[in-house]
Q: 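Pasting in a structure now, in structure tokens, and then I'll have a few things to ask.
Ligands are counted one by one from 1 in listed order, and the atoms in each one are counted from 1 as well.
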Amino acid sequence: MTRAAPADVSREGVPDRRYVRTPATAPGPSGPRMLRDFGSIRRSAVEFLLSSRLEYGSVVQFPIPSPPTYLVAEPDAVRRVLVGNARNYDKATLQYRSLSLVVGQGLLVTDGEIWRRQRRMVQPPFHHEAIRAVGDHVAASLNALLERWGDISRGAVIDMNEAMMRVALEVVGASLFGTDLSGDADRLAQATLHALDEVVARSQMPVTPPRWMPSPSRRRLEAALRELDGTVGLMIDRRSAAGPSGADLLDVLIAAAGAGDEPIDRREIRDELVSFMVAGHETVASALMWALWLVAGDAEVAEQLAAEADAVLGDRDATWEDLDRLPVARAVFDETMRLYPPVWLVTRRALADDVLGGRFIPAGSLVIMSPYVVHRDPALWEDPSAFRPQRFLDGSAPPASSHAFWPFGAGPRICVGKDFAYLEGILLLAGLARRVTVARPPGASEPRGVPLVTLRPLGALPMVVRARGR
Ligand code: HEM
């Protein structure tokens, strides 16, 4: 569908668009330029988005014939898509279609009335007070981690990628699915990660084979999904037989299956459990890995973090009550998510025409937004690539109302696990700082953030961990 831009919309600086069938309504790279850059786009899509924003402005159109595809990187325009005009945008995009191969019709990917019903249903275990127990799970997991590390009084090289994935899994598994099911949570996480790996690998193929075509990748995906379905089925059966264990997510879902005007079915429980595993495991793990790496590179921040942990916690574990007394740990977590937002890509489809950042966006367009791009915009952030948690303490970061910082999204679809993630991240950082120091191995190079499902260092992340002598 082609449509002229309204007269009041700027078309200044729009380059030759011969390669684009939809009208050009915003500047952007040409087709040949995109083809030339194809290798670097595949190597790091997130860096490509950032360089596009720096080169073409805060609304960029890519030369993709269908759907018209825009990067929207201006905070006010992001706010319009996610908050002010959120009803005009849905999640019918390639990103969420791919995810739904794994999460089915779970909260993460649904829209409209189905989404509203799901969100109402799953919200209670995430309310402020309801997540109190997450603090206890963090302490238990941290203590188990230190026990596994054994004698580190003289320092030991630890793979922080593996360690943080494990801790985040234990916390999300214990908090949402019950400690008694930790064995299943482990299997569930492994099966989920395998299925996601396949989805990501498929999305990176130059040509994705159709769903009906047998292929090794299709077979691997189906095997991972069978494993996933089997594990979730077992979890549901065991909990249904044993009865509620508190008011965790699994209890809430099972209760919803047998009650109310619109009881949910087994498939819906499966889809929600998998959605929460996808949304709540690797995201937190990724933020923690980066946080430890960044702190290890900044002696002053490391000292501030340890001093705060000593003063507030002394010799005890951190709990939910400590949350507001750990501003340095919070600032470290925020500054880490500014530089390496775990969810680096958020996409929407425009249902009707709109204007974003002064540019006409036709109905059906794909709108790409990336907190990574906004968080590194030099017009919004001073010295954007520097790790400076202080900016979140001294008020020099842009105000929350400016939408310059949105690692958890915004508006009605804002992350339902935001408070959970802050609690887990802050208590883990403070808890670790109280007990150990972390250092980068001599000669280690900066890990590269690989933008897959989350933005995280790929492969092992070795760091030197040493018990603090106190
Ligand atoms: C540092 C950690 C986390 C980050 C950065 C993060 C980020 C996000 C973002 C950006 C969205 C919005 C996506 C969109 O609008 O398209 C989102 C949604 C969501 N997140 Fe998180 N998240 C984190 C942790 C968690 C945790 C711990 C849970 C659950 C235990 C969780 C569950 C969800 C769910 C279910 C949604 C979909 C909400 C909806 O559409 O109504 N997240 N998250």
Q: Has Arg456 got its NZ or CZ under 6.0 Å from the middle of the six-membered ring of Tyr340, at an angle within 45 degrees of the ring axis?
A: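 Judged by the rule, Arg456 and Tyr340 form no cation-pi pair.
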Q: In terms of side-chain heavy atoms, does Glu47 have a donor or acceptor partner in Tyr372 at a distance below 3.5 Å?
A: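 Judged by distance alone, the side chains do pair up.
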Q: Check this for me, if you would: do Asp354 and Arg359 make a salt bridge, where the nitrogen-to-carboxylate-oxygen distance has to be below 4.0 angstrom?
A: no
Q: May I ask whether Leu82 has any heavy atom positioned less than 4.0 angstrom from an atom of ligand 1?
A: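 Checking ligand 1 against Leu82, which is what was asked, there is no heavy-atom contact under 4.0 Å.
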Q: Ligand 1 and Trp406, any nitrogen or oxygen pair closer than 3.5 angstrom?
A: no
Q: Hey, are Arg266 and Asp237 close enough for a salt bridge, meaning a charged N less than 4.0 Å from a carboxylate O?
A: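 Yes, charged N to carboxylate O under 4.0 Å.
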Q: Is the closest heavy-atom distance from Glu424 to ligand 1 below 4.0 Å?
A: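 Not so, Glu424 does not reach ligand 1.
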Q: How about CD on Glu300, more than 12 heavy atoms from neighbouring residues, nucleotides or ligands closer than 6.0 Å, or not?
A: no
Q: Between Ala287, Cys415, Ser286, Ala285, flag the one that comes closest to atom 19 (C) of ligand 1 by a heavy atom.
A: Cys415
Q: May I ask you to list the atoms of ligand 1 that are less than 4.0 angstrom from any heavy atom of Leu176?
A: 30 (C)
Q: Out of Phe333, Phe126, Trp115, whose heavy atom is nearest to atom 30 (C) of ligand 1?
A: Phe126
Q: Indicate, as side chain, backbone, both or neither, the part of Val346 found under 4.0 angstrom from ligand 1 when only non-hydrogen atoms are considered.
A: side chain
Q: Against the six-membered ring of Phe405, is Arg391 placed for a cation-pi contact (under 6.0 Å from the centre, within 45° of the normal)?
A: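 Ring-cation test returns no.
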Q: Please classify the Arg348 to ligand 1 contact at 4.0 Å (heavy-atom distances, strictly less than): side chain, backbone, both or neither.
A: side chain
Q: Give the atoms of ligand 1, by number and element, whose distance to some non-hydrogen atom of Gly409 is under 4.0 Å.
A: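 Near Gly409, the atoms of ligand 1 are 10 (C).
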Q: What is the nearest protein non-hydrogen atom to atom 12 (C) of ligand 1, stated with its residue, atom name and distance?
A: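 Going by distance alone, atom 12 (C) of ligand 1 is nearest to Arg413 O, 3.6 Å.
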Q: Are more than 12 heavy atoms from other residues, nucleotides or ligands located less than 6.0 Å from atom CD of Glu382?
A: no
Q: Does Glu446 come within less than 4.0 Å of Arg440, counting only side-chain N to carboxylate O?
A: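 Looking at Arg440 together with Glu446, the answer is yes, because their closest N to O distance falls below 4.0 Å.
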Q: Measuring from atom 33 (C) of ligand 1, which candidate in Ala279, Ala168, Ser275, Gly411 has the nearest non-hydrogen atom?
A: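 When every heavy atom of Ala279, Ala168, Ser275, Gly411 is considered, Ala279 comes closest to atom 33 (C) of ligand 1.
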Q: Is ligand 1 under 4.0 Å from a heavy atom in the side chain of Phe408, in the backbone, in both, or in neither?
A: both
Q: Compute the shortest N/O to N/O distance between Thr283 and ligand 1 and return yes if it is under 3.5 Å, no if not.
A: no
Q: Can you check whether Phe420 and Phe276 have ring centres sitting under 6.0 Å from each other?
A: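 Between Phe276 and Phe420, which both carry aromatic rings, the centre distance is not below 6.0 Å.
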Q: Does the residue Lys418 have a heavy-atom contact with ligand 1, meaning some pair of atoms that are separated by less than 4.0 Å?
A: no
